[in-house]
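On a predicted model such as this, the values are computed, not experimentally measured, just so you know.
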Amino acid sequence: MRQRLSSEPDRYRGRRRVPTPPRSRYAAVVTTAFVGAGVVALGAGALPDAKAVSPSALADLEKAAATSEDLSARAADAQQPPASRSDQGDGLASTLAAAPDVWLLPLENYSFTSPYGMKWNKLHAGIDLAAPEGTPFNAVHAGTVTKAGWFGGYGYCVIVQHADGTESIYGHSSKLLVSEGQEVKAGDQLGLVGNTGHAYGSHLHLELHVNGKPTDPIPYLRDRKVDIQLKVDDPYAGVAAS
């Protein structure tokens, strides 16, 4: 067989144009990913060069596009203002007051004027706390209001019965803020200090009846971390540590 010499004319009549191959699947995936995740990518920064995108980066872009709505929802939630400290404090106070062993002072500002004991040849069965007329007074302990109305020498009076059967009595009120059968917590307002019934001057008369008998409120309350004379109470005293 005769070998073809390099000097012979080329029998190949012109070159056939090689057809351009279809766009690669890689480029198509990149384009789709950019369209689907455009908003997320623009938010994060400039779009990356398609030539530099690796398969793992493509997967990340597709995931970002699928979760764009969830990201928007989270951003909206983040704009909601957090609960204020005062709201949190109110919640804590409410929880403490509802605890079964919490005891509190009946007034915030007062003058201790009369103790428990004999007075004018009669038993003064409670203590007197002087305060301006209209000053709110509060329940010393949680319980149920069994009396809210006029009660002879006590004038306008509130009686609260506690879970152990002990009763607290608040006399000489100028106005009552609760009704019979109402459940109250320690610190709830019961009425306003006044001068009704057998009273001399505006004050709150406070009695405690234990097992149906009058009991000196001073030592009884002091055992429960409430000191009438020092005007201090400890609402955490009866709350078990968590």
Side-chain angles (χ1 to χ4, degrees), residues 90 92-117 123-149 151 153-197 199 202-240:
D90 290 343
L92 176 60
S94 177
T95 300
L96 288 172
D101 294 327
V102 170
W103 293 76
L104 298 173
L105 291 166
L107 289 167
E108 293 184 1
N109 297 301
Y110 59 86
S111 297
F112 179 75
T113 57
S114 184
Y116 174 94
L123 176 64
H124 184 240
I127 57 177
D128 292 342
L129 308 176
E133 185 167 350
T135 301
F137 63 86
N138 312 314
V140 296
H141 193 50
T144 303
V145 177
T146 57
K147 177 70 178 179
F151 194 42
Y154 292 94
Y156 288 109
C157 175
V158 176
I159 300 177
V160 177
Q161 185 173 54
H162 310 296
D164 62 356
T166 301
E167 292 180 315
S168 55
I169 302 173
Y170 311 80
H172 310 312
S173 177
S174 61
K175 183 179 182 180
L176 303 179
L177 303 178
V178 293
S179 56
E180 294 179 7
Q182 182 174 337
E183 298 291 329
V184 296
K185 302 184 296 295
D188 282 354
Q189 291 187 7
L190 302 178
L192 306 180
V193 172
N195 189 25
T196 59
S202 177
H203 71 279
L204 173 68
H205 175 84
L206 175 65
E207 287 187 21
L208 290 177
H209 289 193
V210 180
N211 297 323
K213 298 180 179 179
T215 301
D216 189 348
I218 299 296
Y220 187 89
L221 292 176
R222 188 180 293 128
D223 289 343
R224 288 152 181 81
K225 308 302 180 183
V226 177
D227 195 312
I228 293 291
Q229 293 173 316
L230 295 179
K231 302 180 183 179
V232 295
D233 54 23
D234 183 2
Y236 296 91
V239 180

Rounded distance (nearest 0.5 Å) linking atom CG of Leu208 with atom CD1 of Ile169: 8.5 Å
Flag, side chain of Lys231 to backbone of Tyr110, donor-acceptor distance under 3.5 Å: yes
Flag, side chain of Ser173 to backbone of Leu192, donor-acceptor distance under 3.5 Å: yes
Within-4.5 Å side-chain heavy-atom neighbours: Tyr220 and Val226: no
Considering all heavy atoms, the nearest Pro106-Leu206 contact: CG-CD2, 4.1 Å
Side-chain touch Phe112/Ile127, heavy atoms, less than 4.5 angstrom: yes
Spacing of Leu190 atom CG and Leu176 atom CG [to the nearest 0.5 Å]: 9.0 Å
Check: Val160 and Val178 side chains under 4.5 Å, non-hydrogen atoms: no
Test item: Thr196 side-chain N/O and Ser174 main-chain N/O as donor-acceptor pair under 3.5 Å: no
Check: Asp128 side chain, Thr113 main-chain N or O, donor-acceptor pair, under 3.5 Å: no
Spacing of Glu180 atom CD and Gln182 atom CD [to the nearest 0.5 Å]: 11.0 Å
Whether Ser202 side chain and Ala131 backbone form a donor-acceptor pair below 3.5 Å: yes
Taking every non-hydrogen atom, the tightest pair across Phe151 and Cys157: CB-CB, 3.8 Å
Shortest non-hydrogen contact from Val184 toward Ala139: CG2-CB, 4.2 Å
From Thr135 atom OG1 to Gln189 atom CD, the distance as rounded to the nearest 0.5 Å: 10.5 Å
Value rounded to 0.5 Å, distance of CG in Leu221 from CG in Asp216: 9.0 Å
Glu108 CD: over 12 foreign heavy atoms closer than 6.0 Å: no
Whether Phe137 and Tyr170 hold their rings parallel, tilted or perpendicular, with breakpoints at 30° and 60°: parallel
Crowding at CG, Asp164 (>12 non-hydrogen neighbours, <6.0 Å): yes
Distance in Å, Asp233 CG paired with Leu104 CG, rounded so as to fall on 0.5 Å steps: 5.0 Å
Check: His124 side chain, Pro115 main-chain N or O, donor-acceptor pair, under 3.5 Å: yes
Greater than 12 external heavy atoms within 6.0 Å of Asn211's CG: no
Exercise: identify the closest heavy-atom pair between Tyr116 and Pro214: OH-O, 3.5 Å
Donor-acceptor contact below 3.5 Å, side chain His162 vs main chain Ala142: yes
Nearest atoms (heavy-atom pairs only) where Val140 meets Ser168: CG2-CB, 4.1 Å
Side-chain touch Thr215/Thr166, heavy atoms, less than 4.5 angstrom: no
Option among Glu207, His205, His172 that satisfies the side-chain hydrogen bond (donor to acceptor under 3.5 Å, both in side chains) test with Tyr154: Glu207
Side chain to side chain, Leu105 and Ile228, heavy atoms closer than 4.5 Å: yes
